[in-house]
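Comments concern the structure below.
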Amino acid sequence: MSESLRAATQAAARRRQGRVIRFTIVLSTMVAALVSMPGTAPGQQVAGVLASRDELTAAAAQAERSQNPMLAAAIRQRLRDGDFQVGDKILLSVYTDAARTDTLVVREGRVIDLPAKAVLPLTGVLRSEVKDRVTAEVLKYVKADRVDVTPLTRIGVLGEVARPGYFAFRSDVPITDAIMQAGGPTLSADIDRTVVKRANREYRSADETRQAVAKGLTLDQLGLSAGDELVVGRQRQFFNPGMTAAVGLLASLTAIFFAAHR
């Protein structure tokens, strides 16, 4: 296969994948609207997926094989230190005779304060593991029918979205849902060029993010942490505003010239 044909084939594949991603975002919006319709009971929304320790271990090995040392190191650090940082929030709902919901804040030392003045350390704990840890501790002091634990992740959704800003999302929401909760992509957005930034450096490339969106991965599965930024890309502009104005002026002058010499 010639280089030009190979390039054309790859470009066509990227365009097809881009259409699938855009359809996924639209479909996600429709589902979110249906879920939020009156008559839907609280808690009926289907939870997403949180990455397990085994899955992260496999992902770190894959990153090393793919010669992506930055990603491999980030995953290894996550496995060692856990997902929770000081200031992170966790929603705790305890169902007894009546439901009670509290917002737990991770404080200095990476610990949270539970009912009955219990203190639970979260160093080395993943989001996928926190429900079992918290539930086991709560049931030592409270007789409950059910315990729900929902970790939140505060990230920025920036770039070409209608309402860019920082949001505290459930960690198990799909990436497309996070984009829609920021108002959805603008008309000039190019989802294929979306990246994830951490500390002003690119943490996940456009290709990695595009594949994650196409697979329906969640924020947790993509490895986002508090403070990370999901930056939605912008379509390439073949003419900058200055050039567009110059072309317009030239066209106007040309029209005037021909009108004057008729």
Side-chain angles (χ1 to χ4, degrees), residues 1 6-7 9-25 27-28 46-85 88 110 122-133 151-159 169-179 190-233:
M1 183 182 294
R6 183 181 294 107
T9 302
Q10 292 174 346
R14 285 195 295 269
R15 286 195 296 271
R16 284 195 298 271
Q17 189 176 45
R19 287 195 292 271
V20 170
I21 291 172
R22 285 188 284 275
F23 173 76
T24 301
I25 291 178
L27 183 60
S28 175
V46 178
V49 180
L50 299 173
S52 68
R53 189 167 292 273
D54 288 345
E55 289 169 338
L56 290 175
T57 301
Q62 176 61 37
E64 289 169 349
R65 288 194 295 270
S66 302
Q67 298 184 343
N68 191 339
M70 179 181 174
L71 177 59
I75 297 174
R76 297 289 185 198
Q77 181 179 7
R78 183 180 176 188
L79 287 165
R80 182 181 67 250
D81 299 339
D83 283 326
F84 296 95
Q85 305 173 27
D88 284 350
R110 296 193 186 189
L122 293 181
T123 300
V125 177
L126 300 174
R127 297 187 191 102
S128 59
E129 300 167 337
V130 72
K131 177 178 172 60
D132 290 342
R133 299 287 184 95
L152 304 179
T153 304
R154 182 173 174 78
I155 66 166
V157 184
L158 308 175
F169 294 112
R170 287 178 54 126
S171 304
D172 60 358
V173 302
I175 301 164
T176 50
D177 284 15
I179 294 173
D190 185 351
I191 300 297
D192 290 353
R193 302 182 69 196
T194 300
V195 299
V196 175
K197 291 187 176 181
R198 175 173 294 177
N200 294 323
R201 296 178 61 188
E202 186 176 290
Y203 171 60
R204 290 287 202 173
S205 68
D207 185 56
E208 291 172 319
T209 307
R210 179 173 60 250
Q211 292 183 35
V213 170
K215 293 176 182 177
L217 298 189
T218 64
L219 300 179
D220 182 81
Q221 289 175 310
L222 190 56
L224 270 68
S225 298
D228 287 350
E229 297 175 343
L230 181 66
V231 185
V232 177

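Keep in mind it's a predicted model, so treat the numbers as computed, not measured.
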Do you know which two heavy atoms are closest between A206 and D192, and how far apart they sit? CB-O, 3.5 Å
Taking only residues two or more places apart in sequence, or in another chain, which ones meet S205 in a side chain to side chain donor-acceptor pair (under 3.5 Å)? E208
Do L224 and V196 have side-chain heavy atoms sitting under 4.5 Å apart? yes
Separation between CG (L126) and CG (L50), nearest 0.5 Å, reads 9.5 Å
With rounding to the nearest 0.5 angstrom, report the OG to CZ distance, S225 to R198. 4.0 Å
Among residues at least two apart in sequence or on other chains, which ones pass ring pair (Phe, Tyr, Trp, His ring centres under 6.0 Å) with Y203? none
Between R78 and D220, is the salt bridge (Lys or Arg N to Asp or Glu O under 4.0 Å) condition met? List the steps. CA-CA 11 Å; R78 183 180 176 188; D220 182 81; 2.7 Å; yes
Nearest heavy atoms of V125 and F84, plus distance in Å: O-CD1, 3.5 Å
What I'd like to find out is whether the side chain of V213 reaches to under 4.5 Å of the side chain of T176, using heavy atoms alone. yes
Say you draw a straight line from CG of D54 to CG of L79; how long is it, rounded to the nearest 0.5 Å? 9.5 Å
pair L152-F169: side-chain heavy atoms closer than 4.5 Å: no
Residues that S171 engages under side chain to side chain donor-acceptor pair (under 3.5 Å), provided they are two or more places apart: R127, T153
Examine distances only and state if a side-chain atom of Q221 and a backbone atom of T218 form a donor-acceptor pair shorter than 3.5 Å. yes
Beyond-backbone contact of V195 with R204, side-chain heavy atoms, under 4.5 angstrom: no
Considering all heavy atoms of both residues, which atom of S128 and which atom of S52 are nearest to each other, and what is their separation? OG-CA, 3.7 Å
The criterion is side chain to side chain contact (heavy atoms under 4.5 Å, CB included); which residues satisfy it with A59, sequence neighbours excluded? I75
Would you check if L56 and R53 make a side-chain contact, meaning some heavy-atom pair closer than 4.5 Å? no
Here the gap from L71 atom CG to Q62 atom CD, rounded to the nearest 0.5 Å, amounts to 9.5 Å
I191 backbone acceptor or donor facing T194 side chain under 3.5 Å: yes
Any side-chain heavy atom of Q85 within less than 4.5 Å of one from R154? no
Within the 4.5 Å heavy-atom criterion, are L219 and V173 side-chain neighbours or not? yes
Donor-acceptor check, side chain of R80 to backbone of G124, threshold 3.5 angstrom: yes or no? no
With T123 via side chain to side chain contact (heavy atoms under 4.5 Å, CB included) - residues at least two apart: R110
One should read off an interatomic distance between L230 CG and L222 CG, to the nearest 0.5 angstrom, of 8.0 Å
Check side chain to side chain contact (heavy atoms under 4.5 Å, CB included) between E229 and all other residues, then give those that pass, not counting sequence neighbours. L158, Y166, K197, V231
